[in-house]
Structure formats: C-alpha cells, structure tokens
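Contents: one structure, followed by commentary.
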Amino acid sequence: MEKHYNHKEIEQWWQNFWEKNQTFKVIEDNTKKKYYLLEMFPYPSGNIHMGHVRNYTIGDVIVRYKRMKGFNVLHPMGWDAFGMPAENAAINNNTHPAKWTYENIKIMRDQLKKLGFSYDWARELATCKPEYYKWEQWLFLKMLEKDMVYRKKSYVNWCEHCQTVLANEQVESDMCWRCGNMVQQKKLWQWFFRITDYAEDLLSYCDKLSGWPDNVTLMQKNWIGKSTGSKIKFKIVGHDEYISVFTTRPDTLFGSTFMCLAPEHPFVESLSKGTSQEKKVAEFVQKILNQKRSKNALEKYEKQGVFTGVWCINPSNNKKIPVYTANFALMEYGTGAVMSVPAHDQRDFEFAKKYNLDIKIVIQPHNKVLDVNTMPEAYAGDGVLVNSGQFNGMENKLAIEEITTWLEKNNKGKKAINFKLRDWGISRQRYWGTPIPVVYCPDCKVVPVLEKDLPLILPEDIDLLDNGGSPLAEFDSFFKTFCPRCGRDDAKRDTDTMDTFVESSWYFLRYCNPHYDKGMFDSEAVKYWMPVDQYIGGVEHAILHLLYSRYFMRVLQTLELIDFKEPFTRLLTQGMVCKETLTCPEHGYVFPEEAEILDGKTLCKKCRKTVEVGNVVKMSKSKKNVVDPNILLEKYGADITRLFCLFTAPPEKDLEWNDDSVEGCSRFINRVWRLVLQSTEKSENIVPYTGSSKNLSGNAKKLYIKANQTIKKVTNDIETNFHFNTAISAVMELVNTMYGIDFDSSHIKNDTDMKKVTAFCIENIVLLLSPLVPHFAEELWKRIGKKSSVIEQPWPKYVKDALATSDVLIVVQVNGKIRSKFIIDSQIDDEAIKERAIKEKAIQKYIKDKEIKKVIVVKNKLINIVV
RNA sequence: GCCGAAGUGGUGGAAUUGGUAGACACGCUAGACUUAGGAUCUAGUGCCGCAAGGUGUGAAGGUUCAAAUCCUUUCUUCGGCACCA
C-alpha cells in the first residue's frame with residue numbers, strides 16, 4: 001500500500017478521465033431541475049492568482065455537490081478579455097494586446113484545468129472576439145433607437161504631455177503615472193447609458209434579493225442614494241434667470257444666507273462675466289477643474305470658493321444673498337447648486353466662518369438654546385423653527401412639508417426626488433475594447449452603423465502609441481469611412497471603445513449558448529438556464545458590476561428580449577485572499593521569495609537590508625504580496641490546494657495566507673488515504689451497515705451515530721451557507737474517532753457489526769469529501785472496489801434515528817458560574833434534574849445555607865441555580 | 001470624508017442565533033516508533049497560580065439568572081467610492 005497520496009499521477013489520470021468521458025458537458029434537459037452556477041469570469045492578466053483559485057474552488061464544490069443531489073448543472077468559464085492592462089503590457093513588452101491576451105488565456109486555461117474544475121469547456125467564451133462583441137454593438141444600436149443612450153460632454157483626466165486620457169488608477173497624486181506631469185480635466189463628448197431611468201426600480205428590487213447578503217444590497221441602496229426633498233428656485237438679481245437647488249432640508253430655507261454653485265455650473269461663467277469678480281472666478285474654476293474630481297479625492301481638499309459677483313433672492317424672505325462657486329458643490333449631484341445654511345450644515349458652517357458670511361439660526365433644539373456667536377459647529381438635529389416668518393414655532397419635521405406646500409402654492413418650488421446614481425458613462429478613449437458603432441458625418445451628424453455591417457471589427461494589425469492613447473484615430477482604414485445614411489466619403493468613426501463593464505453585464509446570458517449566431521443570445525437556452533442560481537465573486541464587485549448587470553437585464557426586458565429583471569438569485573461574495581506586504585528600503589515592494597528570515601529579521605536577498613513587514617492586505621501583483629498557485633500545484637497538487645482554500649476560512653471572510661495551514665491539509669489528506677486503504681485491505685466484500693442504530697451496541701453504535709451526525713453536519717453546512725471549513729472539521733472528527741479505534745484488537749476483529757459500520761464510515765467519508773477533493777475521492781472510490789465514478793453517486797443520506805444518544809450532559813451553574821456537570825437520560829423531567837443538581841457535592845459547597853431564589857433549567861443542556 | 005465589513009489563545013478559525021468560550025487545524029512541549037526524520041502515532045497546551053481558585057472574546061459602560069452574541073460610546077484594521085477589473 002502506498003503511504004502517500006501521489007497527486008501528480010492521480011490528478012492527471014482523473015483529469016484525463018473526465019475529459020475523455022466528457023463528464024462535465026451539459027445540455028438542456030427538461031426532465032431535470034436545472035442549476036446555474038456562475039463564478040465571476042477572470043480578466044486574463046497572465047496567471048491564475050489565489051483569489052481565482054479560491055473563487056473557483058468554492059464554485060466547483062457547490063457544482064459537484066448539486067450534481068450529486070441530482071441537478072442538471074451549468075458551470076461555464078470564459079474571459080473578460082478587453083481592458084487596459086493588455087494595452088499597458090503591450091506598450092511595455094512591445095507586443096500586441098490581442099497576442100498578449102490570447103497567450104494569457106491559454107496559460108490560465110491550462111492552470112484551471114490542472115485544478116480539476118468541472119467546467120463545460122465547450123461553452124468557453126472571450127469578450128474580445130467579434131462573435132461576442134458584435135452583439136454588444138447590436139444592443140448599443142437598439143438602445144440608441146430607444147433613446148436609452150445619449151451623448152454629452154463630460155470630464156476626463158487628461159495628460160497634456162502624453163496627449164492622452166488617464167484612468168483614475170493612472171493618476172498618482174494628481175500626476176500622470178507615465179510622465180509625471182500634472183493631470184488636467186478635459187471635457188470630451190462621451191456616450192452615456194440612462195441607468196438613472198431605472199434608479200427607482202433597481203432600488204425597490206434590492207429588498208426582493210433575498211438570496212443576496214444584506215451588506216451588498218445595502219451598499220447598492222446607498223449607491224443609488226434616493227433622497228426626497230424639494231427643488232427650490234432662487235431668482236438671480238439683475239437677470240431673468242433662476243438658480244434651481246435641490247435640498248432635503250427645506251425647513252432650513254429661511255436660514256440660507258448664501259448660494260454655492262459647482263465650478264462647472266453654466267451660470268458661473270455667464271453670471272460673473274462683466275463683474276469685478278470675473279477674473280478671480282475664472283482662475284478659481286480653472287484651478288478646481290484641474291484637480292482630480294472623484295469624490296474621495298474631493299473630500300481631502302479644503303473647502304474653498306469664490307464670490308461670483310452676483311446675488312440671488314432667498315424666496316422665503318426675499319433677502320439678497322451672495323452667489324459663490326465652491327469646490328464642494330458637485331455638478332453631478334442634484335442641480336449643481338447648493339443653498340447654504342451655515343447654522344444647520346457643518347460644511348456650510350465651515351465655509352461661512354472661512355469667508356465671513358452670515359450665519360442665521362432658524363431651528364432651535366429642544367434641550368438647549370443656540371447662539372450664533374458661540375456655537376462651535378452647525379446644529380443639524382431637530383427642533384422648532386425661529387426667524388422663519390409664518391412658520392415660527394413649528395416642529396422642523398412638519399415644516400419640511402409645510403414650507404414645500406407653501407413654495408408650491410407660490411410657484412417658487414416643488415417636491416422632488418433626487419438620486420445619487422448618475423448615468424453610466426461608457427466611452428473609453430482606448431484601443432483594446434469594443435468599438436462604438438457610430439459614425440460622424442459632416443451632414444448627417446451622428447449616424448449609427450447599419451446592423452448588417454456588424455460586427456464593427458476592432459482592427460488588430462495596428463501599432464500602439466507609446467503615450468497610451470488610442471491608435472484608432474491614426475488608423476485611416478478604420479477611422480475614415482462612408483456615412484451609412486448619405487454615403488459621403490469623409491465621415492469619421494467614433495474612435496472610443498466601450499467600458500469593459502459592458503461586456504461583463506451580460507456574459508452570463510451568452511454562456512447559455514455561446515456560439516449562437518442568430519442573436520445576442522439563444523432565448524430558448526436562456527429560458528431554461530436563467531436566472532443564475534448561484535453567483536460567486538469578490539466582494540470588491542459588490543456595487544458596480546452587479547448593479548450594471550441588474551440594469552442590463554432591465555434594458556433587455558424593456559426591449560422585450562427577456563422576461564426577468566434580476567440576473568442572480570443567490571449571491572456569495574467571497575472574501576479576499578490576503579498576505580502581508582514586504583517593503584525593502586532600496587527595492588520597494590518585494591516578492592516573498594525575494595526575502596528570507598534570519599534570526600527573526602526579514603532581509604532582502606538582493607541588498608541584505610531589513611525588509612519591513614507591512615499590513616495584511618489583498619494579494620496583488622503591484623504589492624508583490626502574492627503566492628503563485630503554480631508552486632502549490634507542483635508541490636501539493638490540486639486537491640490539497642483546494643482543501644486549503646476551503647478549510648482555512650469560511651468563504652465570505654478574508655483568507656490570510658499561511659504556509660503551515662497547507663501542510664496541515666496535506667497531512668489530513670494522507671491520514672484519510674491510509675485509513676481508507678488500510679481498512680479496505682482488512683474488510684473486503686463487507687456490506688456497509690445502513691440500518692437503525694437500535695440494533696447496534698457499544699463502539700459500533702457510537703461510531704455509527706458519529707458517522708450519521710457527520711453526514712448531517714456536512715450536508716447542513718453546505719446547504720445553509722457553504723461553510724466548508726466546519727464541514728471539513730466534522731469529517732476530521734470522524735476520521736480522528738476512527739483512528740482512536742484499535743481495529744487489530746481481538747474483540748473488534750471478530751465484531752461483524754463493527755466491520756459493517758466501518759465500511760459505512762469509509763464509503764461516506766469518501767463521498768462527503770468528493771466535491772472538495774475530487775481527484776482524491778475518485779481514486780479512493782475506485783480502490784475500495786467501486787466500478788462507477790464517485791461524481792455519479794447520489795449524495796449520502798443520514799439515518800434519522802442514528803443521530804443522538806439517549807444520554808445528555810447537563811451543566812450545573814450557581815449564579816451563572818459553572819460548578820459541576822453530570823450525564824443524565826434525556827427523557828428525565830426538569831424537577832428530577834433540579835433535585836439531582838442540588839444534591840451534587842460540588843454544588844452543595846456553593847449553596848450551603850443560602851436561600852435558593854430561582855432555578856432556571858434549559859432543556860437537555862443546563863441548569864442555573866440563583867442563590 | 002462618505003458607504004460597507006471585521007476585531008475571539010502564539011496562529012487560522014469554532015460556538016443549532018442569549019445557555020459548557022476556544023470544536024477542527026497550525027504551532028509548541030513531552031513521549032513512542034525508526035538507521036534516520038521536516039514521516040507516522042500517543043498525550044498535553046487560553047492566561048495567572050504549586051494548588052484551591054481566579055480570570056478571559058479590541059476598549060469602556062449597560063440590559064439579563066446567563067452576553068463573543070443584544071444596547072450605548074470608543075479604538076484599530078480592511079474593502080468600495082463611478083476610467084483597475
């Protein structure tokens with residue numbers, strides 16, 4: 001008997017076996033219940049990393065489990081193949097994005113196969129192939145027809161030196177990552193999807209996603225950010241126009257002492273023109289617009305602003321208030337204008353203090369009296385209105401309604417709902433993406449490409465520009481074209497490509513029949529498979545990708561292409577795989593293999609300097625805190641690697657890398673290996689015991705009960721929340737129990753019941769482990785003499801009457817502290833337990849002459865005596 | 001800054017939803033076996049204490065017969081923040 005599980009031979013053998021037998025090929029079958037399990041498809045960055053291994057292992061276990069439960073399971077895999085890294089790699093390595101991408105796909109596909117995942121590879125897809133993106137372009141045209149897409153000017157990060165657009169990621173502390181120049185904001189024409197049309201629907205359905213984790217739906221709700229309030233008009237002094245503001249606090253309207261406009265607000269330039277402030281305003285706007293405008297960056301800047309030179313009228317009291325432009329006012333939110341109420345909003349308060357503006361209290365709290373001169377900060381709470389004309393004395397919550405009604409009557413404002421969610425800008429000024437199928441004609445302006453001309457192919461015989469800009473504009477055979485409408489020969493194509501989030505918003509439909517060429521997807525197959533029953537992916541996608549996918553289903557429903565709204569019935573957001581970072585003072589981040597530990601100090605192998613061991617963070621190439629799955633596969637094989645991912649932490653929690661823990665998994669695998677093979681040698685042709693526990697006694701009974709408890713525990717752990725870590729511990733306990741039995745002792749050797757129970761245990765250990773460590777289980781299944789493949793077996797069932805012994809352990813507490821324990825028959829009533837507990841010697845010591853005030857008995861568990 | 005999580009032994013993590021804190025595993029200690037061991041098996045292992053006992057779930061309060069679990073305040077770490085995917 002081999003003492004060790006030889007992963008190299010065995011895993012290769014079974015992978016070939018599965019491939020040869022097409023074990024994982026799946027077709028629609030109306031006689032079976034379907035189960036669609038999807039893992040977020042990877043970006044082909046070059047190598048599978050531990051995050052992928054973990055994600056796909058979790059999925060694979062569920063798939064194999066569901067198969068054994070009798071489901072017809074769809075488990076596809078593909079490639080999110082467009083994206084920026086391909087372009088960067090192409091520039092750095094003097095290759096082509098397509099070549100780089102396809103090479104990576106090949107490498108990663110091989111790695112996935114080595115891990116033994118049960119994909120139906122016939123359904124593989126890559127989003128960079130024309131047969132895929134053709135249908136994305138087709139959908140774009142449909143959306144254009146229905147006015148679900150529109151064009152507007154919007155800001156991008158711009159590097160003047162490189163003459164190119166930068167992603168937020170490419171901006172490092174306001175500078176271009178390539179050349180180090182200051183990044184500016186540039187306004188470009190771009191395409192937007194009207195996702196805000198579905199804001200209300202996307203929001204309300206959050207509560208119906210019962211199979212999603214609460215924190216994810218909560219984040220989505222906050223992202224959509226619905227708020228109810230009022231839109232109020234402020235007349236501009238000396239102009240016919242009004243500034244419109246959105247506010248959730250119309251009750252503070254009388255306290256608005258100044259107005260703030262976003263720097264991009266169209267009024268800022270037009271109003272300041274001709275005033276003494278014109279120059280100052282222009283300078284300020286320029287400065288702000290050159291700063292990175294993402295919200296997290298914005299919060300870091302100090303609040304600042306400039307008077308525009310004009311005034312407007314507060315409609316509540318007709319007082320003149322100054323109009324400012326300020327960096328904290330966002331054009332994207334509400335109307336781009338903020339009615340500032342410094343007494344009751346902290347941001348406005350700080351601004352007013354800084355620029356010496358009026359502060360006027362209009363709400364007095366119930367428990368104290370505010371004084372403008374002494375208040376250290378704004379008061380944003382509830383109270384009673386003051387300085388508010390006819391509304392004085394009213395509770396502010398009531399005043400929200402009343403003031404809005406009054407505004408409506410006087411045509412100065414109205415009730416309004418505002419969403420934080422903005423329309424989805426999909427234009428990317430990049431090469432490696434889906435071309436936007438639109439042509440610009442000097443006569444006909446914006447003209448969609450004709451459907452018959454799809455796919456609009458991304459030319460691949462092209463040289464990339466060193467600055468990272470899109471080469472499409474320089475590539476005449478693509479750029480110059482005929483107008484599809486009038487035929488003019490000097491029309492120009494849109495050189496932008498689509499955001500890669502577009503591809504990932506519908507790929508799960510395509511998997512249902514990935515090579516279907518009569519439409520975007522095969523409706524019949526989609527009807528059978530969709531929605532996805534279980535989606536699994538990183539928690540870092542909790543908002544954008546999931547929201548966009550939900551939005552896309554609504555678009556397709558509106559276009560009457562599908563008949564459901566929600567793509568993912570259940571969602572598991574797996575935690576990240578983390579590891580500490582290592583930073584060398586000379587070489588920056590270093591890989592774990594570039595450092596070594598000597599006398600408790602971590603040293604850089606190159607320069608011998610002490611390496612700083614940093615925080616435990618998500619594994620990433622840029623931080624070099626990665627473990628290469630290849631090394632694990634080589635040393636331990638797929639099953640032990642898989643077992644590590646499953647055992648070390650529950651799926652939703654972050655997993656911290658730990659070399660020692662892998663060693664432990666390896667030990668367990670070999671322990672099971674020896675146990676199964678040894679007992680098989682000893683008990684050939686024994687039929688496993690499967691009856692009631694009543695007919696057993698002694699060790700055989702105990703072991704039988706333990707085995708049935710294990711089946712129940714493992715099944716429950718998988719069914720309820722995929723807690724494989726506890727499922728594995730349960731199997732470990734059973735294995736430990738069996739190791740504790742001396743099978744060589746004479747009385748066990750002659751005990752046929754025991755032999756039958758042992759056979760039962762052995763079979764079930766293999767079955768229970770089979771979804772987790774499939775190669776290992778297949779091999780053992782074969783070696784215990786089974787003819788068919790383990791994956792074709794039904795999932796084990798436990799025998800109900802073999803779950804518990806009749807004795808239970810009662811814990812005795814005095815005043816909540818444990819003082820004694822005893823074992824008692826579970827049928828005994830509370831009174832008897834009480835009597836027994838009080839008689840206990842260890843208890844008498846604590847009760848003595850004290851009066852018993854209260855006794856609490858928890859059935860079959862605990863008794864607490866209060867004295 | 002805003003939104004969302006997580007803090008339990010030397011380490012990863014368990015605790016049928018308020019009822020024995022530390023399952024299972026790593027590490028460590030001791031022993032057995034062996035030519036050898038970084039293989040394997042057995043036992044022990046939260047902390048303080050010789051012991052009796054005390055104490056203990058990031059910190060501080062509170063509710064309860066009983067709190068890792070519920071409430072309040074607070075600290076630390078991680079993720080997302082719309083052009084990384």
Scan A:E663 against the nucleic acid and name what it touches under 4.0 Å (heavy atoms): base, sugar-phosphate only, or nothing.
nothing
What is the nucleic acid contact for A:V866, judged by heavy atoms within less than 4.0 Å: base, sugar-phosphate only, or nothing?
sugar-phosphate
Establish, with yes or no, whether the OP1 or OP2 oxygen of B:U40 is under 4.0 angstrom from a side-chain nitrogen or oxygen of A:N670.
no
Of the listed B:G79, B:C81, B:C83, the closest approach to the A:M576 side chain comes from B:G79
For atom P, what is the distance between B:A39 and B:A30, given to the nearest Å?
15 Å
Using the P atom as the point on both nucleotides, what is the distance between B:G22 and B:A67, in whole Å?
16 Å
Could you tell me if A:E663 and A:Y636 have a donor-acceptor pair between their side chains, going purely by distance under 3.5 Å?
yes
Would you indicate which nucleotide in B:G7, B:G4, B:C83 comes nearest to any side-chain atom of A:R430?
B:C83
Side chain of A:A649 only, heavy atoms from C-beta on: which candidate in B:G13, B:C84, B:A25 is closest?
B:G13
Any side-chain donor paired with an acceptor under 3.5 Å for A:T196 and A:D423?
yes
Side-chain contact check for A:R428: nearest option of B:C83, B:G79, B:U20 is B:C83
Taking the side chain of A:I856 as heavy atoms from C-beta outward, which of B:C65, B:C84, B:G80 is closest to it?
B:C65
Evaluate A:D717 against A:K713 for salt bridge (charged side-chain N to carboxylate O under 4.0 Å, His left out), listing each step before the verdict.
CA-CA 6 Å; A:D717 285 346; A:K713 168 90 177 137; 3.3 Å; yes
The side chain of A:L862 lies closest to which of these nucleotides: B:A25, B:A82, B:G19?
B:G19
Parallel, tilted or perpendicular: which one describes the rings of A:Y551 and A:F193, with boundaries at 30° and 60°?
tilted
So does A:N725 get a side-chain nitrogen or oxygen closer than 4.0 Å to the phosphate oxygens (OP1/OP2) of B:A14?
yes
Nearest-Å distance once atom C1' is located in both B:G38 and B:A59
42 Å
Kindly say whether the aromatic ring centers of A:Y507 and A:W79 come within a distance under 6.0 Å.
no
OP1 or OP2 of B:U55 versus the side-chain N and O atoms of A:K817: is any pair under 4.0 Å?
yes
Re B:G38: Watson-Crick or G-U wobble partner, both distances kept under 3.5 Å, found to be none
If only side-chain N and O atoms of A:R674 are considered, is one of them under 4.0 Å from the OP1 or OP2 phosphate oxygen of B:A39?
no
For B:G12, which nucleotide is its Watson-Crick or G-U wobble mate, given both distances must be under 3.5 Å?
B:C24
Euclidean distance for P, B:A5 against B:C70 (whole angstrom):
13 Å
What distance, rounded to whole Å, do you find between the two C1' atoms, one in B:C24 and one in B:U72?
36 Å
Taking only side-chain nitrogens and oxygens of A:K854, does any of them come within less than 4.0 Å of OP1 or OP2 of B:C65?
yes
According to the Watson-Crick and G-U wobble definitions, with both distances under 3.5 Å, which nucleotide is paired to B:G56?
none
When we call it a touch if two heavy atoms are under 4.0 Å apart, what does A:P650 touch: a base, just sugar-phosphate, or nothing?
sugar-phosphate
If B:U63 has a Watson-Crick or G-U wobble mate with both distances under 3.5 Å, name it; if not, just say none.
none
Any chance you could lay out the side chain to side chain contact (heavy atoms under 4.5 Å, CB included) test for A:Y5 and A:V672, step after step, and finish with the verdict?
CA-CA 9 Å; A:Y5 167 61; A:V672 176; over 6 Å; no
Of A:C665 and A:G816, the one whose closest nucleotide on RNA chain B sits nearer the 5' end is A:C665
With hydrogens left out and only the distance checked, is there a donor-acceptor pair under 3.5 Å joining A:Q190's side chain and the base of B:C83?
yes
What does A:I728 touch in the nucleic acid at a heavy-atom separation under 4.0 angstrom: a base, only the sugar-phosphate, or nothing?
nothing
The nucleotide from B:A14, B:A39, B:C83 with an atom nearest the side chain of A:T726 is B:A14
B:G27 phosphate, OP1 or OP2, under 4.0 Å from A:R667 side-chain N/O
yes
Using the P atoms only, state how far B:C41 lies from B:A25, rounded to an integer number of Å.
11 Å
Taking the same atom, C1', in B:U8 and in B:U77, what whole-Å distance lies between them?
16 Å
Selected nucleotide, minimal atom distance to A:F647 side chain, candidates B:U20, B:C24, B:A82
B:C24
B:A82 phosphate, OP1 or OP2: any side-chain N/O from A:R422 under 4.0 angstrom?
no
Do you see a donor-acceptor pair shorter than 3.5 Å between the side chains of A:E503 and A:T434?
yes
For A:H541, answer base if it contacts any base atom (sugar-phosphate contacts may also be present), sugar-phosphate if it contacts only those atoms, and nothing otherwise; contact means non-hydrogen atoms under 4.0 Å.
base
How far does the C1' atom of B:G61 sit from the matching atom of B:C75, given to the nearest Å?
15 Å
Residues A:S661, A:T648; criterion side-chain hydrogen bond (donor to acceptor under 3.5 Å, both in side chains); working and verdict:
CA-CA 7 Å; A:S661 185; A:T648 307; 3.3 Å; yes
Hey, is the side chain of A:N864 pairing donor to acceptor with the base of B:C65 inside 3.5 Å?
yes
So, OP1 or OP2 of B:A25: does either fall under 4.0 Å of a side-chain N or O from A:N736?
yes
Go through B:A82, B:U20, B:G12 for me and flag the one nearest to the A:L809 side chain.
B:U20
For B:A68, the Watson-Crick or wobble partner whose two distances fall under 3.5 Å
none
Is B:G49 in the syn range, within 90° of 0, or in the anti range?
anti
Which of these nucleotides, B:A23, B:A82, B:A85, is closest to any side-chain atom of A:T500?
B:A85
Need the pair for B:G79. Rule: Watson-Crick or G-U wobble, both distances under 3.5 Å, any strand; none if unpaired.
B:C3
By nearest nucleotide on RNA chain B, pick out whichever of A:D654 and A:G740 is the more 5' one.
A:D654
Do any side-chain nitrogens or oxygens of A:S729 fall under 4.0 Å of OP1 or OP2 in B:A25?
no
Is there a donor and acceptor pair, one atom on the side chain of A:Q429 and one on the base of B:C83, closer than 3.5 Å?
yes
Taking the ring of A:F647 and the ring of A:F668, is the distance between their centroids below 6.0 Å?
no
With a 3.5 angstrom cut-off on both distances, give the Watson-Crick or G-U wobble partner of B:C33, or none if there isn't one.
none
